[in-house]
Protein chains: 2
Amino acid sequence: MARLEPLSTTTPCQNCALRALPIFRCLSGAELAFVEKFKIGELEVQAGSDILLAGTHSAHLFTIFGGWCFRYDLMEDGRRQIHSLLLPGDFIGLQTEMLGTMQHSVQSLTDVRLCVFSRERFWTIYESFPELAFDLTWAAACGERTVEVALSNVGQRPSFERLAALVVHLYRQLDGLRLVKDGTILWPLTQQHVADLLGLSTVHVSRVLRRLVDSGLVRLDGRRLTVVDLPALAEVAAVDPEKPLRRPLI
Amino acid sequence: MARLEPLSTTTPCQNCALRALPIFRCLSGAELAFVEKFKIGELEVQAGSDILLAGTHSAHLFTIFGGWCFRYDLMEDGRRQIHSLLLPGDFIGLQTEMLGTMQHSVQSLTDVRLCVFSRERFWTIYESFPELAFDLTWAAACGERTVEVALSNVGQRPSFERLAALVVHLYRQLDGLRLVKDGTILWPLTQQHVADLLGLSTVHVSRVLRRLVDSGLVRLDGRRLTVVDLPALAEVAAVDPEKPLRRPLI
DNA sequence: CCTGGTCGTTAACATATGTTGGTCGGTCGC
DNA sequence: GCGACCGACCAACATATGTTAACGACCAGG
């Protein structure tokens, strides 16, 4: 299952490529220095590994440096709901600090590189770095909003629209991270993932995905997806222009 | 729509009946004193009033003192998804501070009494009261978890189970607030509300609600709902025992 | 080279849920 | 008292989505 390998080579936070992106808040020198100390190291995780498990305490806190993860609930009979995809810059493990134990689980979707933070020094943030403390609340609020959008999607949209909305949302997120190349994004999701994301059966996902591809709005080859006509896709998805929100990066 | 009436008589935070409940974290004397100053006053709101509107800044922040609200998304064509019900002790308006503008709306479901807080002094929390700052993050994390549960519910459960899970969840919440009397709770929800909460049509809610009542697990007369057999209801809802989480109260 | 596994696909069929439209009982304003 | 409106209910019907089962492509392991 989980294979967590500590890494030898790590990137100093000052040079972090993610921080350069305009969607992330810029940290002051003092804050950066603290984050640097707060950070224990980096971790490489294989695709398909459970990073955090519901019901447990996490020994660490993480930020995704590269790769995709997702958080999910598992019911006793095996049904799974994926709450959201987690992309570079997303913070993992807040629930451990706040609620005492993780309520959901987190799994890697691709090979992933994580920045690892010390739980011991967590309190220092609130004591000494109000802006960073604010960022944590901010991050939680962003996470909440993401789930809200997913809920509205699943609760209100028919499957085709639902899938289209997922693609648009993902595309915009990745665009903010500069992970779109010529309209093409990575598509590491199996149809099982999509099904659990959208609350559909895999068979139906297969149908709807085919319909989406046949419509010509997107192309799909292997693990890459190309958005041919974003405005048209957003139109059929019935999503408003909504820009990706600016976010904190711990 | 919204009728916001300032009140003459307000309750000092020290004597707040909510704070006495064990599900809320206990504040220190200094914290209580600050909250008292942070609080501007109280507000009485009629049932069915919009308290916050998506896309706007809120002039104030609120905590529900009494009554029910809900937060929701509205789509252009009128579809509505209710993300969660808000009960006494729930904090309203965090998104305004964090994301710059509300992404969802909040409406009162019953007549509601709100504690009103000053946005100007919001930053003071992070500067001077780390525990309260922590509480804000904590509150956001709780809110996020609530939406996650709703998403799993809507995405994975068939309608009957879905409705049963809603009732169990609500019952437990209200129980923690001492708002259950002889197994009976307030039920101010129209079938339209339930439909928008669960992602169903009103017609189907009518069917399923009837089925639930016919099953004998709950009784429903007017605006009161009685849970006849909670364990059996939880069983049919396929929800785990899950205790209501301890929460902060600002 | 077989083998078993995962992943995607398709068809036939079953069913949960949505839609339309109508009724009926309250309640509120006049 | 009347009419308008809203909330709940019901029946008939339409359809979106789920289920089961089978098949082929691909890939990793023995």
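So you know, we letter chains A, B, ... as the sequences are listed, proteins then strands, and number each from 1. Atoms considered below: every heavy atom in the structure, side chains included; atoms not considered: hydrogens, waters and symmetry mates.
Contact between A:Leu18 and A:Phe24 at its shortest, heavy atoms only, is O-CD1, 3.3 Å. Here the closest non-hydrogen pair linking A:Ile92 and A:Cys69 is CD1-SG, 4.5 Å. What you find for A:Phe160 and A:Val208 is that their closest heavy atoms are CA-CG1, 3.6 Å.
Put simply, the side chain of B:Leu179 does not reach to within 4.5 Å of the side chain of B:Ile185, judged on heavy atoms.
Judged as a side-chain hydrogen bond (donor to acceptor under 3.5 Å, both in side chains), and not counting sequence neighbours, B:Arg172 has no contacts.
Direction change of the helix axis from one end of the helix from C:dC1-D:dG30 to C:dC30-D:dG1 to the other is 40°, with five pairs defining each end axis (rounded to 10°).
Using bins of under 30°, 30° to 60° and over 60° for the plane-to-plane angle, the ring pair A:Phe62/A:His60 lands in the perpendicular bin.
Shown for residues 213-226 of chain B: no residue has heavy atoms falling under 4.0 angstrom of DNA chain C. A heavy atom lying under 4.0 Å from DNA chain D marks none of the residues of residues 74-81 of chain A. Against DNA chain C, the stretch residues 188-195 of chain A makes heavy-atom approaches under 4.0 Å through A:Thr190, A:Gln191. In the region residues 155-171 of chain A, proximity to DNA chain D at under 4.0 angstrom, judged on heavy atoms, holds for A:Pro158, A:Ser159.
With a 6.0 Å radius and a threshold of 12 heavy atoms from other residues, nucleotides or ligands, B:Arg219 has its CZ atom at or below the threshold.
Put simply, CG on B:Leu200 is 16 Å from C1' on D:dT15, counting in whole angstrom units. For B:Arg207 and C:dT17, the CZ to P distance is 9 Å, given to the nearest whole Å. Separating the CG atom of A:Leu209 from the P atom of C:dG8 is a distance of 9 Å, rounded to the nearest angstrom. C:dG8 atom P lies 16 Å from atom NE2 of A:His204, rounded to whole Å.
No hydrogens or angles considered: a donor-acceptor pair under 3.5 Å links the side chains of A:Gln156 and B:Gln81. For the 3.5 Å distance criterion, the side chains of A:Thr146 and A:His83 fail to qualify, holding no donor opposite an acceptor. Between the side chains of A:Gln46 and A:Asp111, not a single donor N or O lies within less than 3.5 Å of an accepting N or O.
Taken from CZ in B:Arg224 to CH2 in B:Trp187, the straight-line distance is 13.5 Å, to the nearest 0.5 Å.
Distance from the side chain of A:Ser206 is smallest for C:dT10 among the nucleotides C:dT10, D:dC9, C:dT19.
With respect to the salt-bridge test (charged N to carboxylate O, under 4.0 angstrom), the residues B:Asp73 and A:Arg145 qualify.
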